[in-house]
Amino acid sequence: YWILFESHLFYLFLMAKGKGKGKKDKGKGKERNFDMTKYRQRHIALKFAYLGHNYCGLATQDSTEDTIEAALFAALKRTCMIAADLKFPNNYSRCGRTDKGVSAMCQVVALNMRSSLTEGVEFVEQTTGTDNNDTENQEVCEKSSEQADELAKVPQKQEVEPVQNTEQSSEKVTEQKSTAEGATPEKKPGAKEEMDYAGILNGVLPADIRVLGWAPVAPNFSARFCCVGRTYKYFFMKADLNVQAMNEAAKFLVGQHDFRNFCKMDVVNVSNFVRKIHSFEITPCDDSTVTPCSMYVATIYGTAYLYHQVRAMMAVLFEVGKGNEEPQVVEALLDVEKQSKPQYNIASDAGLILWDCEFEGVQWNMSERAEEKLLQHFFEMQQDAMIYANMVQRMYLHCKENMSHKKDEDTTEKKGQKRTASYTKLLDRPTEKTFEERVESLAGSKKTKRDSNLAKGAANQAQNQGE
């Protein structure tokens, strides 16, 4: 037995030695560096969707990697769309900055990306630095709509054709597959078709983030300032909410108002709280019989929004729906000369989604193959979500039927929705600091930044008046 035992140990020793040697030899290999200078670059707008429940918001943060942009930038670097040493892509801008837990159906960013074309389109100069100043692009974008319209018209020959059973198409598919797996694609001089940006990126992005299309835009295009309209949707369960009263209250929000009582005031970066809501409507998600478990959606269309504005508006509407407030409370809160912002919690992030962003003259592109894979992906996600939701519903119903302490009145679905004696009216609550009080309390770097923002705003306004 000892002989067999020692032989076994010696065999394991040889295996371990061999594995170690293999790892050591493998480590001696040189890493293959991608030379971005061999490719031209274009300014590209990307449209993408994501479920925000597992992320700490859209924008990158120093304290965490769990952001949408961190995942997007990692995919761009892995597929060699941007240089690996960039913290931000060059000439980068985002349309809307969603918070932790908030989702998006149509988020848009613009950035300089590698192109497979060598002629026929407008390219941008390659730079090593990062230009991330949306403010400088605000006026330029408004003056160059015609230029953006022309660039958005992609020639037919540059669109990616559906995959055919030919040797040439097979080579193209192999190239796209290897790129999606993080490999360096072979350069093809004189390529007449642009890369399938959506298909390639979707091959490496997390399952809850998907690119929906791309578009060529002018070098001075800003995803933030060139957006002409944004639509948000907020999904919620009806319970015993009075949706008719909520719609009546929502009518007061339509139009141009000072929404400082319906947001989290950021006095360092914002001095003007006037925004315009074009429409605000609450409707059922389907035509089925209305029950306490029926799903409803609030659709809000406007030009721009303040920090936490949609969730603050929904929070007030929910109090109206519960019967705790009259619809006219919205009108009172919009009168900022008489009423400061009362203390109240904003609505949950779970139901909020940035549904659409509108741009003039931008034509989105996506290959047929990428579209098919995208639809299949969302269908599978929908299947999983419906199965999970049905399981949770059955668990709830089972517990409801079998719990020993049953209630004859007020079902669990309605619990907490009715007005209680302890509720304090919004207009009777203590108020937060006013805008003027917040500005006066600024000190140090925050005061310096606010003064700098005001100076830039005054300079831009003077320049516009001069022109």
Side-chain angles (χ1 to χ4, degrees), residues 26-46 48 69-93 109-132 150-161 163 166-205 211 213-221 223 365-367 369-370:
K26 187 176 181 180
K28 290 181 179 179
K30 295 183 180 179
E31 293 184 2
R32 189 178 180 185
N33 295 322
F34 184 81
D35 189 358
M36 189 67 72
T37 61
K38 292 182 178 180
Y39 290 82
R40 308 296 296 271
Q41 291 188 13
R42 304 173 69 182
H43 197 48
I44 297 294
L46 287 178
F48 58 104
E69 283 185 346
L72 177 62
F73 295 168
L76 289 167
K77 293 175 181 179
R78 184 177 175 186
T79 55
C80 301
M81 297 295 180
I82 63 173
D85 58 346
L86 291 176
K87 182 178 180 181
F88 281 93
N90 286 322
N91 200 12
Y92 181 75
S93 60
V109 297
L111 66 158
N112 293 350
M113 294 176 60
R114 176 170 62 91
S115 173
S116 63
L117 302 178
T118 57
E119 59 184 11
V121 297
E122 183 172 0
F123 298 104
V124 295
E125 294 183 5
Q126 296 194 32
T127 58
T128 56
T130 299
D131 179 11
N132 192 29
E150 291 299 321
L151 286 170
K153 298 176 182 178
V154 185
Q156 188 66 28
K157 66 178 182 179
Q158 295 176 7
E159 296 195 0
V160 179
E161 297 295 333
V163 178
T166 63
E167 183 177 353
Q168 181 180 2
S169 298
S170 178
E171 292 178 358
K172 186 197 304 182
V173 173
T174 303
E175 177 188 355
Q176 293 177 357
K177 182 177 180 181
S178 63
T179 306
E181 294 173 351
T184 303
E186 296 294 333
K187 181 183 178 183
K188 295 190 175 182
K192 295 184 178 181
E193 290 183 345
E194 188 56 277
M195 289 183 292
D196 183 8
Y197 290 117
I200 294 172
L201 288 172
N202 286 340
V204 297
L205 282 167
V211 176
W214 67 276
V217 290
N220 49 28
F221 174 90
N365 301 276
M366 194 176 195
S367 70
R369 181 170 180 265

Minimum heavy-atom distance between L201 and M81, given as atom pair plus value:
CD2-CG, 4.4 Å
Atom pair CD/CG of E125 and N91 - distance to nearest 0.5 Å
12.0 Å
Minimum heavy-atom separation for A75 and L205, please, with both atom names.
CB-CD2, 3.5 Å
Taking all heavy atoms of T118 and all of R40, pick out the closest pair and write down the distance.
O-NH1, 3.8 Å
Flag side-chain contact, heavy atom, 4.5 Å: F123 against L117
yes
Quick check against the 3.5 Å criterion: does S116 have a side-chain atom that pairs as donor or acceptor with the backbone of E193?
yes
Nearest heavy atoms of N202 and M366, plus distance in Å:
ND2-CE, 4.1 Å
What heavy-atom pair brings I82 and P89 nearest, and what distance separates the two atoms?
CD1-CG, 3.9 Å
Okay, side chain of N365, backbone of A215: is any donor-acceptor separation there less than 3.5 Å?
no
Examine the side chains of S115 and Q41 and answer whether a donor and an acceptor come within less than 3.5 Å of each other.
no
Side-chain contact test, heavy atoms from C-beta onward, threshold under 4.5 Å: evaluate it for E194 versus R42 and give yes or no.
yes
Taking every heavy atom of Y92 against every heavy atom of L111, the minimum-distance pair comes out as CD1-CB, 4.0 Å
Side chains of F73 and L86, heavy atoms from C-beta outward: is any pair under 4.5 Å?
no
